[in-house]
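Scroll down for the structure; my scribbles are underneath it.
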2 protein chains.
Amino acid sequence: MKKQVEDKKAALLQASLKLFTENGFHGTSTAHISKEAGVATGTLFNYFPTKEDLINALYFDIKGKLSRSLAKDIQNQSTLHDKFWKIWYDLIEWGLNNQEDFHFVDQFCSSPYISDYTREVVMGEYSFYHDLVKDGIATGEFGDYSEGMVASIFYQSSRTIVDLILYSEPQDKNKAIEDGFAIIWKGLTEK
Amino acid sequence: MKKQVEDKKAALLQASLKLFTENGFHGTSTAHISKEAGVATGTLFNYFPTKEDLINALYFDIKGKLSRSLAKDIQNQSTLHDKFWKIWYDLIEWGLNNQEDFHFVDQFCSSPYISDYTREVVMGEYSFYHDLVKDGIATGEFGDYSEGMVASIFYQSSRTIVDLILYSEPQDKNKAIEDGFAIIWKGLTEK
DNA sequence: CCATTTATTGACTGATTAGTCATTTCGATC
DNA sequence: GATCGAAATGACTAATCAGTCAATAAATGG
(Lines give C-alpha, C1' and ligand atoms only; values in the text may rest on other atoms or scores of the structure.)
Protein backbone atom coordinates (compact mmCIF):
# COMPACT_ATOMS: atom_id res chain seq x y z
CA MET A 1 0.00 0.00 0.00
CA LYS A 2 2.92 2.32 -0.79
CA LYS A 3 0.94 4.06 -3.51
CA GLN A 4 -1.74 5.36 -1.16
CA VAL A 5 0.88 6.72 1.22
CA GLU A 6 2.58 8.79 -1.46
CA ASP A 7 -0.78 10.03 -2.71
CA LYS A 8 -1.91 11.41 0.61
CA LYS A 9 1.50 12.82 1.52
CA ALA A 10 1.68 14.58 -1.85
CA ALA A 11 -1.89 15.82 -1.52
CA LEU A 12 -1.12 17.27 1.90
CA LEU A 13 1.98 19.02 0.61
CA GLN A 14 0.12 20.43 -2.36
CA ALA A 15 -2.77 21.64 -0.19
CA SER A 16 -0.36 23.20 2.30
CA LEU A 17 1.54 24.97 -0.45
CA LYS A 18 -1.63 26.52 -1.80
CA LEU A 19 -3.04 27.56 1.57
CA PHE A 20 0.23 28.73 3.13
CA THR A 21 0.96 31.02 0.17
CA GLU A 22 -2.63 32.31 0.19
CA ASN A 23 -3.16 32.81 3.91
CA GLY A 24 0.22 32.46 5.57
CA PHE A 25 1.39 29.94 8.13
CA HIS A 26 -0.77 30.96 11.08
CA GLY A 27 -3.60 31.92 8.76
CA THR A 28 -3.92 28.32 7.61
CA SER A 29 -5.40 25.75 9.99
CA THR A 30 -4.44 22.09 9.91
CA ALA A 31 -8.16 21.33 9.60
CA HIS A 32 -8.30 23.44 6.43
CA ILE A 33 -5.25 21.69 4.99
CA SER A 34 -6.72 18.26 5.69
CA LYS A 35 -10.01 19.21 4.07
CA GLU A 36 -8.29 20.65 0.99
CA ALA A 37 -6.18 17.48 0.71
CA GLY A 38 -9.25 15.30 1.12
CA VAL A 39 -8.07 13.44 4.21
CA ALA A 40 -9.11 13.36 7.87
CA THR A 41 -7.57 15.77 10.36
CA GLY A 42 -5.73 12.96 12.08
CA THR A 43 -4.13 11.74 8.87
CA LEU A 44 -2.14 14.95 8.46
CA PHE A 45 -0.33 14.21 11.73
CA ASN A 46 0.55 10.67 10.61
CA TYR A 47 2.75 12.18 7.89
CA PHE A 48 3.78 15.46 9.55
CA PRO A 49 3.86 15.32 13.36
CA THR A 50 3.61 19.11 13.59
CA LYS A 51 2.53 21.98 11.38
CA GLU A 52 6.13 23.17 11.28
CA ASP A 53 7.23 19.85 9.81
CA LEU A 54 4.88 20.57 6.91
CA ILE A 55 6.36 23.95 6.09
CA ASN A 56 9.89 22.57 6.43
CA ALA A 57 9.09 19.72 4.05
CA LEU A 58 7.68 22.20 1.55
CA TYR A 59 10.72 24.46 1.75
CA PHE A 60 13.05 21.49 1.40
CA ASP A 61 11.19 20.04 -1.59
CA ILE A 62 10.71 23.29 -3.48
CA LYS A 63 14.21 24.69 -3.04
CA GLY A 64 15.65 21.26 -3.79
CA LYS A 65 13.67 20.90 -7.02
CA LEU A 66 14.75 24.39 -8.07
CA SER A 67 18.45 23.84 -7.36
CA ARG A 68 18.50 20.59 -9.35
CA SER A 69 16.70 22.26 -12.23
CA LEU A 70 19.19 25.16 -12.21
CA ALA A 71 22.31 23.00 -11.89
CA LYS A 72 21.31 20.74 -14.78
CA ASP A 73 23.37 21.23 -17.95
CA ILE A 74 25.23 24.21 -16.52
CA GLN A 75 28.58 22.61 -17.38
CA ASN A 76 27.47 22.42 -21.03
CA GLN A 77 27.63 26.21 -21.24
CA SER A 78 31.12 27.30 -22.24
CA THR A 79 31.44 30.91 -21.07
CA LEU A 80 30.63 32.47 -17.71
CA HIS A 81 28.21 34.73 -19.53
CA ASP A 82 26.34 31.76 -20.97
CA LYS A 83 26.23 29.98 -17.62
CA PHE A 84 24.75 33.02 -15.88
CA TRP A 85 22.36 33.64 -18.73
CA LYS A 86 21.11 30.06 -18.45
CA ILE A 87 20.63 30.39 -14.69
CA TRP A 88 18.88 33.73 -15.17
CA TYR A 89 16.53 32.34 -17.80
CA ASP A 90 15.82 29.12 -15.91
CA LEU A 91 15.17 30.99 -12.65
CA ILE A 92 12.65 33.27 -14.30
CA GLU A 93 10.94 30.53 -16.31
CA TRP A 94 10.71 28.45 -13.14
CA GLY A 95 9.09 31.37 -11.33
CA LEU A 96 6.60 31.95 -14.11
CA ASN A 97 5.72 28.29 -14.50
CA ASN A 98 5.62 27.51 -10.78
CA GLN A 99 4.03 30.58 -9.30
CA GLU A 100 2.92 28.92 -6.09
CA ASP A 101 6.44 27.63 -5.48
CA PHE A 102 7.83 31.06 -6.36
CA HIS A 103 5.57 32.89 -3.93
CA PHE A 104 6.11 30.30 -1.24
CA VAL A 105 9.87 30.86 -1.38
CA ASP A 106 9.31 34.63 -1.44
CA GLN A 107 7.12 34.57 1.64
CA PHE A 108 8.84 31.95 3.74
CA CYS A 109 12.53 32.20 2.86
CA SER A 110 13.11 34.07 6.12
CA SER A 111 10.31 32.51 8.13
CA PRO A 112 11.12 31.55 11.73
CA TYR A 113 9.29 28.26 11.21
CA ILE A 114 11.92 26.98 8.78
CA SER A 115 14.55 25.33 10.95
CA ASP A 116 18.25 26.10 10.80
CA TYR A 117 18.83 22.48 9.81
CA THR A 118 16.47 22.67 6.82
CA ARG A 119 18.08 25.93 5.80
CA GLU A 120 21.60 24.51 5.98
CA VAL A 121 20.80 21.39 3.97
CA VAL A 122 19.09 23.46 1.29
CA MET A 123 21.89 26.03 1.20
CA GLY A 124 24.35 23.24 0.40
CA GLU A 125 22.48 22.52 -2.82
CA TYR A 126 23.35 25.98 -4.12
CA SER A 127 27.11 25.72 -3.76
CA PHE A 128 27.41 25.34 -7.54
CA TYR A 129 25.96 28.84 -7.86
CA HIS A 130 28.26 30.38 -5.29
CA ASP A 131 31.21 28.63 -6.93
CA LEU A 132 30.27 30.22 -10.25
CA VAL A 133 30.16 33.64 -8.60
CA LYS A 134 33.57 32.98 -7.03
CA ASP A 135 34.93 31.98 -10.45
CA GLY A 136 33.73 35.23 -11.97
CA ILE A 137 35.40 37.23 -9.23
CA ALA A 138 38.64 35.18 -9.39
CA THR A 139 38.97 35.67 -13.16
CA GLY A 140 38.29 39.39 -12.77
CA GLU A 141 35.14 39.25 -14.84
CA PHE A 142 33.08 40.73 -11.99
CA GLY A 143 35.48 43.50 -11.08
CA ASP A 144 36.14 43.77 -7.35
CA TYR A 145 32.59 43.35 -6.18
CA SER A 146 32.15 41.03 -3.21
CA GLU A 147 30.77 37.54 -3.60
CA GLY A 148 27.69 38.34 -1.55
CA MET A 149 27.02 41.46 -3.59
CA VAL A 150 27.18 39.66 -6.94
CA ALA A 151 25.19 36.63 -5.75
CA SER A 152 22.45 38.68 -4.10
CA ILE A 153 22.01 41.31 -6.79
CA PHE A 154 21.84 38.69 -9.53
CA TYR A 155 19.45 36.37 -7.71
CA GLN A 156 17.15 39.07 -6.34
CA SER A 157 16.99 40.85 -9.68
CA SER A 158 15.82 37.67 -11.38
CA ARG A 159 13.00 37.53 -8.83
CA THR A 160 12.20 41.18 -9.55
CA ILE A 161 11.78 40.29 -13.22
CA VAL A 162 9.37 37.49 -12.39
CA ASP A 163 7.23 39.88 -10.34
CA LEU A 164 7.44 42.47 -13.10
CA ILE A 165 6.22 40.00 -15.72
CA LEU A 166 3.49 38.63 -13.47
CA TYR A 167 2.10 41.97 -12.33
CA SER A 168 3.01 44.64 -14.88
CA GLU A 169 3.75 43.66 -18.43
CA PRO A 170 3.04 40.07 -19.34
CA GLN A 171 3.04 41.02 -23.04
CA ASP A 172 6.77 41.73 -23.25
CA LYS A 173 7.89 38.61 -21.44
CA ASN A 174 11.04 37.82 -23.43
CA LYS A 175 12.12 41.44 -23.72
CA ALA A 176 11.75 41.81 -19.97
CA ILE A 177 13.93 38.73 -19.37
CA GLU A 178 16.58 39.91 -21.83
CA ASP A 179 16.55 43.54 -20.72
CA GLY A 180 16.82 42.52 -17.10
CA PHE A 181 19.82 40.36 -17.82
CA ALA A 182 21.42 43.06 -19.97
CA ILE A 183 21.15 45.56 -17.10
CA ILE A 184 22.58 43.26 -14.45
CA TRP A 185 25.30 41.72 -16.60
CA LYS A 186 26.46 45.12 -17.82
CA GLY A 187 26.47 46.42 -14.26
CA LEU A 188 28.45 43.46 -12.96
CA THR A 189 31.04 43.15 -15.74
CA GLU A 190 31.61 46.52 -17.37
CA LYS A 191 34.53 48.35 -15.80
CA MET B 1 -7.25 64.57 27.08
CA LYS B 2 -5.78 64.61 23.62
CA LYS B 3 -2.33 63.78 24.92
CA GLN B 4 -3.30 60.45 26.43
CA VAL B 5 -5.05 59.43 23.24
CA GLU B 6 -1.97 59.93 21.10
CA ASP B 7 0.16 58.08 23.61
CA LYS B 8 -1.93 54.94 23.59
CA LYS B 9 -2.49 55.00 19.86
CA ALA B 10 1.24 55.36 19.26
CA ALA B 11 2.01 52.64 21.79
CA LEU B 12 -0.42 50.27 20.05
CA LEU B 13 1.13 50.98 16.65
CA GLN B 14 4.63 50.47 17.97
CA ALA B 15 3.68 47.20 19.69
CA SER B 16 1.91 45.97 16.56
CA LEU B 17 4.88 46.80 14.37
CA LYS B 18 7.20 44.82 16.59
CA LEU B 19 4.94 41.80 16.96
CA PHE B 20 3.68 41.69 13.37
CA THR B 21 7.22 41.69 11.98
CA GLU B 22 8.30 39.06 14.51
CA ASN B 23 5.34 36.69 14.34
CA GLY B 24 3.26 37.70 11.35
CA PHE B 25 -0.31 38.96 11.22
CA HIS B 26 -2.12 35.80 12.32
CA GLY B 27 0.76 34.87 14.59
CA THR B 28 0.11 37.96 16.69
CA SER B 29 -2.95 38.09 18.94
CA THR B 30 -4.72 41.32 19.80
CA ALA B 31 -4.31 40.34 23.46
CA HIS B 32 -0.54 40.17 22.96
CA ILE B 33 -0.49 43.58 21.26
CA SER B 34 -2.50 45.16 24.07
CA LYS B 35 -0.22 43.69 26.70
CA GLU B 36 2.93 44.85 24.88
CA ALA B 37 1.41 48.34 24.54
CA GLY B 38 0.43 48.38 28.21
CA VAL B 39 -3.31 48.86 27.68
CA ALA B 40 -6.41 46.73 28.21
CA THR B 41 -7.65 44.44 25.44
CA GLY B 42 -10.71 46.57 24.94
CA THR B 43 -8.69 49.75 24.45
CA LEU B 44 -7.10 48.43 21.28
CA PHE B 45 -10.53 48.27 19.66
CA ASN B 46 -11.32 51.85 20.61
CA TYR B 47 -8.53 53.03 18.32
CA PHE B 48 -8.59 50.26 15.71
CA PRO B 49 -12.00 48.61 15.30
CA THR B 50 -10.42 45.52 13.73
CA LYS B 51 -7.00 43.92 13.59
CA GLU B 52 -6.85 44.74 9.87
CA ASP B 53 -7.24 48.44 10.63
CA LEU B 54 -4.07 48.19 12.68
CA ILE B 55 -1.98 46.73 9.89
CA ASN B 56 -3.40 49.22 7.40
CA ALA B 57 -2.53 52.12 9.71
CA LEU B 58 1.01 50.79 10.06
CA TYR B 59 1.46 50.41 6.32
CA PHE B 60 0.08 53.88 5.71
CA ASP B 61 2.27 55.51 8.35
CA ILE B 62 5.50 53.73 7.47
CA LYS B 63 5.30 54.09 3.70
CA GLY B 64 4.16 57.69 4.13
CA LYS B 65 7.09 58.57 6.38
CA LEU B 66 9.47 56.93 3.93
CA SER B 67 8.10 58.73 0.87
CA ARG B 68 8.33 62.12 2.56
CA SER B 69 11.87 61.39 3.68
CA LEU B 70 12.86 60.38 0.13
CA ALA B 71 11.15 63.27 -1.62
CA LYS B 72 12.77 65.88 0.63
CA ASP B 73 15.49 67.95 -1.06
CA ILE B 74 15.37 65.87 -4.24
CA GLN B 75 14.91 69.02 -6.31
CA ASN B 76 18.18 70.36 -4.88
CA GLN B 77 20.09 67.69 -6.76
CA SER B 78 20.99 68.96 -10.21
CA THR B 79 21.60 65.84 -12.30
CA LEU B 80 19.49 62.71 -12.70
CA HIS B 81 22.47 60.75 -11.47
CA ASP B 82 22.60 62.80 -8.26
CA LYS B 83 18.86 62.50 -7.69
CA PHE B 84 18.96 58.73 -8.02
CA TRP B 85 22.06 58.51 -5.91
CA LYS B 86 20.32 60.48 -3.16
CA ILE B 87 17.25 58.24 -3.32
CA TRP B 88 19.48 55.15 -3.29
CA TYR B 89 21.45 56.37 -0.30
CA ASP B 90 18.40 57.56 1.63
CA LEU B 91 16.51 54.32 0.96
CA ILE B 92 19.34 52.21 2.29
CA GLU B 93 20.06 54.44 5.28
CA TRP B 94 16.35 54.39 6.11
CA GLY B 95 16.33 50.59 5.97
CA LEU B 96 19.40 50.32 8.18
CA ASN B 97 18.15 52.87 10.71
CA ASN B 98 14.54 51.64 10.75
CA GLN B 99 14.90 47.90 10.56
CA GLU B 100 11.47 47.13 11.95
CA ASP B 101 9.86 49.44 9.40
CA PHE B 102 12.02 47.91 6.68
CA HIS B 103 11.06 44.35 7.53
CA PHE B 104 7.43 45.28 7.95
CA VAL B 105 7.28 46.67 4.42
CA ASP B 106 9.16 43.61 3.15
CA GLN B 107 6.75 41.18 4.75
CA PHE B 108 3.45 42.96 4.24
CA CYS B 109 3.83 44.90 0.98
CA SER B 110 1.75 42.24 -0.76
CA SER B 111 -0.36 41.16 2.20
CA PRO B 112 -4.06 40.57 1.52
CA TYR B 113 -4.88 42.45 4.73
CA ILE B 114 -3.70 45.76 3.30
CA SER B 115 -6.72 47.20 1.53
CA ASP B 116 -6.74 48.42 -2.06
CA TYR B 117 -7.63 51.86 -0.75
CA THR B 118 -4.61 52.03 1.56
CA ARG B 119 -2.42 50.79 -1.26
CA GLU B 120 -3.71 53.43 -3.70
CA VAL B 121 -3.29 56.33 -1.31
CA VAL B 122 0.25 55.24 -0.48
CA MET B 123 1.15 54.65 -4.12
CA GLY B 124 0.20 58.26 -4.90
CA GLU B 125 2.96 59.45 -2.56
CA TYR B 126 5.58 57.87 -4.80
CA SER B 127 4.63 59.62 -8.02
CA PHE B 128 7.73 61.83 -7.67
CA TYR B 129 9.83 58.67 -8.01
CA HIS B 130 7.97 57.37 -11.04
CA ASP B 131 8.20 60.83 -12.61
CA LEU B 132 11.97 60.74 -12.17
CA VAL B 133 12.12 57.35 -13.87
CA LYS B 134 9.97 58.68 -16.72
CA ASP B 135 12.32 61.67 -17.06
CA GLY B 136 15.31 59.39 -17.38
CA ILE B 137 13.61 57.38 -20.08
CA ALA B 138 12.36 60.47 -21.92
CA THR B 139 15.84 62.03 -22.04
CA GLY B 140 17.31 58.73 -23.25
CA GLU B 141 19.51 58.36 -20.18
CA PHE B 142 17.97 54.97 -19.36
CA GLY B 143 18.12 53.54 -22.88
CA ASP B 144 14.90 51.90 -24.00
CA TYR B 145 14.15 50.03 -20.81
CA SER B 146 10.55 50.17 -19.68
CA GLU B 147 9.46 52.35 -16.78
CA GLY B 148 8.45 49.36 -14.69
CA MET B 149 11.79 47.67 -15.34
CA VAL B 150 13.86 50.66 -14.24
CA ALA B 151 11.68 51.48 -11.23
CA SER B 152 11.57 47.88 -9.96
CA ILE B 153 15.21 46.96 -10.51
CA PHE B 154 16.41 50.15 -8.83
CA TYR B 155 14.07 49.93 -5.86
CA GLN B 156 14.44 46.20 -5.26
CA SER B 157 18.22 46.35 -5.58
CA SER B 158 18.37 49.00 -2.89
CA ARG B 159 16.47 46.59 -0.63
CA THR B 160 18.90 43.83 -1.55
CA ILE B 161 21.77 46.01 -0.36
CA VAL B 162 20.07 46.62 2.97
CA ASP B 163 19.68 42.87 3.49
CA LEU B 164 23.26 42.32 2.41
CA ILE B 165 24.58 44.84 4.92
CA LEU B 166 22.35 43.55 7.69
CA TYR B 167 23.10 39.87 7.22
CA SER B 168 26.44 39.47 5.46
CA GLU B 169 28.98 42.23 5.61
CA PRO B 170 28.22 45.03 8.04
CA GLN B 171 31.87 46.07 8.04
CA ASP B 172 31.89 47.33 4.45
CA LYS B 173 28.71 49.36 4.73
CA ASN B 174 29.64 52.33 2.57
CA LYS B 175 31.45 50.25 -0.03
CA ALA B 176 28.37 48.04 -0.31
CA ILE B 177 26.13 51.06 -0.84
CA GLU B 178 28.47 52.56 -3.43
CA ASP B 179 29.18 49.30 -5.23
CA GLY B 180 25.49 48.47 -5.41
CA PHE B 181 24.72 51.84 -6.93
CA ALA B 182 27.63 51.55 -9.36
CA ILE B 183 26.31 48.20 -10.61
CA ILE B 184 22.74 49.35 -11.08
CA TRP B 185 23.54 52.77 -12.50
CA LYS B 186 26.04 51.31 -14.98
CA GLY B 187 23.50 48.69 -15.99
CA LEU B 188 20.74 51.21 -16.49
CA THR B 189 22.67 53.95 -18.29
CA GLU B 190 25.59 52.44 -20.19
CA LYS B 191 24.65 51.66 -23.81
C1' DC C 1 -18.10 70.59 43.15
C1' DC C 2 -21.39 68.82 40.17
C1' DA C 3 -22.84 67.05 35.68
C1' DT C 4 -21.80 65.27 31.37
C1' DT C 5 -19.04 63.35 28.19
C1' DT C 6 -15.25 60.59 26.82
C1' DA C 7 -11.63 57.06 27.54
C1' DT C 8 -10.46 52.76 29.77
C1' DT C 9 -11.09 48.45 31.56
C1' DG C 10 -11.13 43.19 31.74
C1' DA C 11 -14.36 39.49 32.28
C1' DC C 12 -16.83 37.32 28.88
C1' DT C 13 -18.45 34.87 24.35
C1' DG C 14 -18.81 31.79 20.56
C1' DA C 15 -15.71 30.31 17.28
C1' DT C 16 -11.44 28.23 16.14
C1' DT C 17 -6.82 26.34 17.13
C1' DA C 18 -3.04 22.36 16.97
C1' DG C 19 -2.76 18.07 18.23
C1' DT C 20 -4.58 13.29 20.48
C1' DC C 21 -6.28 8.77 20.54
C1' DA C 22 -9.53 4.93 20.74
C1' DT C 23 -11.72 2.91 17.09
C1' DT C 24 -12.45 1.40 12.42
C1' DT C 25 -11.02 0.23 7.77
C1' DC C 26 -7.92 -1.55 4.54
C1' DG C 27 -4.78 -4.73 2.11
C1' DA C 28 -1.73 -8.34 2.15
C1' DT C 29 -0.63 -13.21 3.31
C1' DC C 30 -1.70 -17.67 4.35
C1' DG D 1 -12.14 -16.17 4.45
C1' DA D 2 -9.58 -15.72 8.74
C1' DT D 3 -5.77 -13.11 10.74
C1' DC D 4 -2.89 -9.33 11.49
C1' DG D 5 -0.34 -4.90 11.32
C1' DA D 6 -0.42 -0.56 9.23
C1' DA D 7 -3.11 3.41 7.68
C1' DA D 8 -7.05 6.31 8.21
C1' DT D 9 -10.53 8.29 10.83
C1' DG D 10 -13.14 12.14 13.31
C1' DA D 11 -14.91 13.15 17.82
C1' DC D 12 -12.58 15.24 21.36
C1' DT D 13 -9.65 18.56 24.43
C1' DA D 14 -7.52 22.41 26.50
C1' DA D 15 -5.91 26.56 24.89
C1' DT D 16 -6.40 30.53 22.36
C1' DC D 17 -8.70 33.67 19.07
C1' DA D 18 -10.98 38.46 17.65
C1' DG D 19 -14.14 41.21 19.25
C1' DT D 20 -18.12 42.88 22.82
C1' DC D 21 -19.99 45.40 26.47
C1' DA D 22 -21.51 46.86 30.92
C1' DA D 23 -19.23 48.95 34.41
C1' DT D 24 -15.64 52.25 35.98
C1' DA D 25 -12.51 56.11 35.83
C1' DA D 26 -10.91 60.33 34.27
C1' DA D 27 -11.21 64.68 32.07
C1' DT D 28 -13.91 68.79 30.74
C1' DG D 29 -17.04 72.74 31.20
C1' DG D 30 -19.85 75.44 34.07
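We name chains A, B, ... by the order of the sequence lines, and we start the count at 1 in each one.
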> Starting at CG of B:Leu44 and ending at P of D:dC17, how long is that distance when rounded to a whole Å?
Replying inline: 13 Å
>> How many whole angstroms separate atom CG of A:Leu54 from atom C1' of C:dG19?
In response: 13 Å
> Who passes side chain to side chain contact (heavy atoms under 4.5 Å, CB included) against A:Lys86, sequence neighbours left out?
Replying inline: A:Asp73, A:Ile74, A:Gln77, A:Asp90
>> Could you check whether B:Phe20 and B:Tyr113 have their ring centres less than 6.0 Å apart?
In response: no
> Separation of A:Phe48 atom CZ from C:dT20 atom P, in whole Å?
Replying inline: 16 Å
> Taking only residues two or more places apart in sequence or in another chain, which ones pass salt bridge (charged side-chain N to carboxylate O under 4.0 Å, His left out) with B:Glu36?
Replying inline: B:Lys18
> For DNA chain C, whose closest nucleotide is more 5', that of A:Thr50 or that of B:Thr43?
Replying inline: B:Thr43
> Which of residues 14-42 of chain A sit near DNA chain D, with a heavy atom under 4.0 Å from it?
Replying inline: A:Val39, A:Ala40, A:Thr41, A:Gly42
> With ring centroids as reference points, do A:Trp185 and A:Phe142 lie under 6.0 angstrom apart?
Replying inline: yes
>> Can you measure B:Lys8 atom NZ to C:dT8 atom C1' for me and round it to whole angstrom units?
In response: 7 Å
>> If I take atom CZ in residue B:Phe45 and atom C1' in nucleotide D:dT20, what distance separates them, rounded to the nearest angstrom?
In response: 9 Å
>> For A:Phe108 and A:Tyr59, I'd like to know if the aromatic rings sit close, meaning centre-to-centre distance below 6.0 Å.
In response: no
> Rounding to a whole Å, what distance do you find between B:Lys9:NZ and C:dA7:C1'?
Replying inline: 14 Å
> For C:dT8, does OP1 or OP2 lie under 4.0 Å from any side-chain N or O of B:Tyr47?
Replying inline: yes
> Separation of A:Asn46 atom CG from D:dG10 atom C1', in whole Å?
Replying inline: 12 Å
>> Quick one about A:Asp163 and A:Thr160 (side-chain donor to acceptor, distance below 3.5 Å, no hydrogens or angles considered), yes or no?
In response: no
